[in-house]
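Just so it is clear, the structure is predicted and the values come from calculations on it, not from any experiment. Worth knowing before you read on, the calculation uses all heavy atoms, side chains too, and leaves out hydrogens, waters and symmetry mates. Here is how names work: the chains are called A, B, and so on, in the same order as the sequence lines, proteins then strands, and each is numbered from 1.
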2 protein chains.
Amino acid sequence: MNAMDVALICRALGDSNRLQIIQMLSDGEKCGCKLLEQFEITQPTLSHHMKILCECGLVEARKEGKWSHYSLNGETLDAFRQFVEGLCGSCREGKCGG
Amino acid sequence: MNAMDVALICRALGDSNRLQIIQMLSDGEKCGCKLLEQFEITQPTLSHHMKILCECGLVEARKEGKWSHYSLNGETLDAFRQFVEGLCGSCREGKCGG
DNA sequence: GACTCATATAGATGTTTGTCAATATGTTTT
DNA sequence: AAAACATATTGACAAACATCTATATGAGTC
């Protein structure tokens, strides 16, 4: 995963609503209407957020009839985790402050 | 670390220049002028980016004479890593797609 | 004290972004 | 077929943002 992919993911996670969506999805697949219930946003806004989350690869959409089921993409998430761990690894070598 | 802190960090990392700065700092403390050399941006712009990185807690500034030395804040970074790992953990329990 | 260097702040500007209302698409139900 | 439901798209708009120029602050040097 290159730096541009990471930046894209971070930009996606940089919105509180989207971060909350990710947290909800970490508990398992959810359909759009279930997600919508938890927010004070309109349906088009949720749709917009889901598009951004899908485009950066964090979320996958599964169409089933009129429903869209969203779930985390474990591979992307894991690659992202590895990137963050890489940064932390340097700290353990004493290269960071604190 | 609560969700708002994480969102703030992600917003900071969501800019390619700032992400690159973080990567450079993961190799050890650097002063502002050294960082500036690596980018095609003006000094005020770098200063702005450093402020954002400091405000979210990812970076610490150490003043020494006329120089500012910047380094990663290992604690914040580690807390952030833990948050991301938490999301991944759910995936390992089979709650994610892919 | 004047000059240079490193950094910060202020103000301006064009771009991106989060949001909404309106509408479209496609599916299920009656 | 019509109505209801879930989602996506379009267009508009205000707020946030990245960037610049100009200027200020403050430290070292001549």
Participant: Can you tell me how far CZ of A/F39 sits from CG of A/N17, rounded to the nearest 0.5 angstrom?
Facilitator: 5.5 Å
Participant: For DNA chain C, find the residues of residues 14-23 of chain A with a heavy-atom distance under 4.0 Å and give them by number; none if there aren't any.
Facilitator: A/D15, A/N17, A/R18
Participant: Looking at every non-hydrogen atom in both residues, tell me the closest pair between B/G14 and A/R11 and how far apart they are.
Facilitator: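 Taking B/G14 first and A/R11 second, the nearest heavy atoms are O-NE, 3.2 Å.
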Participant: With hydrophobic residues grouped by side-chain heavy-atom distances under 4.5 Å, do B/L19 and B/I52 end up in a single group?
Facilitator: no
Participant: Dump the pairs, protein N or O against N or O of nucleotides 24-30 of chain C, anything under 3.5 Å, distances to one decimal.
Facilitator:
none

Participant: Please tabulate, for the side chains in residues 1-9 of chain A, all donor-acceptor contacts under 3.5 angstrom to protein atoms that are two or more places apart in sequence or on a different chain.
Facilitator:
residue: A/N2; atom: OD1; partner: A/M4; partner atom: N; Å: 3.0
residue: A/N2; atom: OD1; partner: A/D5; partner atom: N; Å: 2.9

Participant: Nearest 0.5 Å, what's the CG-OG distance between B/L35 and B/S47?
Facilitator: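 Interatomic distance, B/L35 CG to B/S47 OG, rounded to 0.5 Å: 11.5 Å.
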Participant: Any side chain to side chain donor-acceptor pair (under 3.5 Å) involving residues 33-42 of chain A? Give me the pairs, sequence neighbours left out, ordered by first then second residue.
Facilitator: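 Qualifying pairs: A/T42-A/T45.
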Participant: C/dT16 P sits how many Å from A/R11 CZ, rounded?
Facilitator: 10 Å
Participant: Quick check for you: to the nearest 0.5 Å, what is the distance between B/L58 atom CG and B/L25 atom CG?
Facilitator: 10.0 Å
Participant: As a test of understanding, state which of A/L46, A/L72, A/D15, A/L13 forms a side chain to side chain contact (heavy atoms under 4.5 Å, CB included) with A/I21.
Facilitator: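 Of A/L46, A/L72, A/D15, A/L13, side chain to side chain contact (heavy atoms under 4.5 Å, CB included) with A/I21 is met by A/L46 alone.
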Participant: Between A/E64 and A/R62, does any NZ, NE, NH1 or NH2 come within less than 4.0 Å of an OD or OE carboxylate oxygen?
Facilitator: yes
Participant: Quick check: closest heavy atoms across B/A12 and B/L53, and the distance to 0.1 Å?
Facilitator: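 Residues B/A12 and B/L53, closest heavy atoms: CB-CD2, 4.1 Å.
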Participant: Name the residue from B/E55, B/H48, B/H49 that meets the side chain to side chain contact (heavy atoms under 4.5 Å, CB included) definition with B/K51.
Facilitator: B/E55
Participant: In residues 29-51 of chain B, what residues come within less than 4.0 Å of DNA chain D, judged by heavy atoms?
Facilitator: B/E40, B/I41, B/T42, B/P44, B/T45, B/H48, B/H49
Participant: Take the SG atom of B/C10, take the SG atom of A/C10, and say whether they are under 2.5 Å apart.
Facilitator: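 No.
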Participant: Going 5' to 3' along DNA chain D, between which two nucleotides do contacts with chain A fall, using a heavy-atom cut-off of 4.0 Å?
Facilitator: D/dC5 to D/dT9
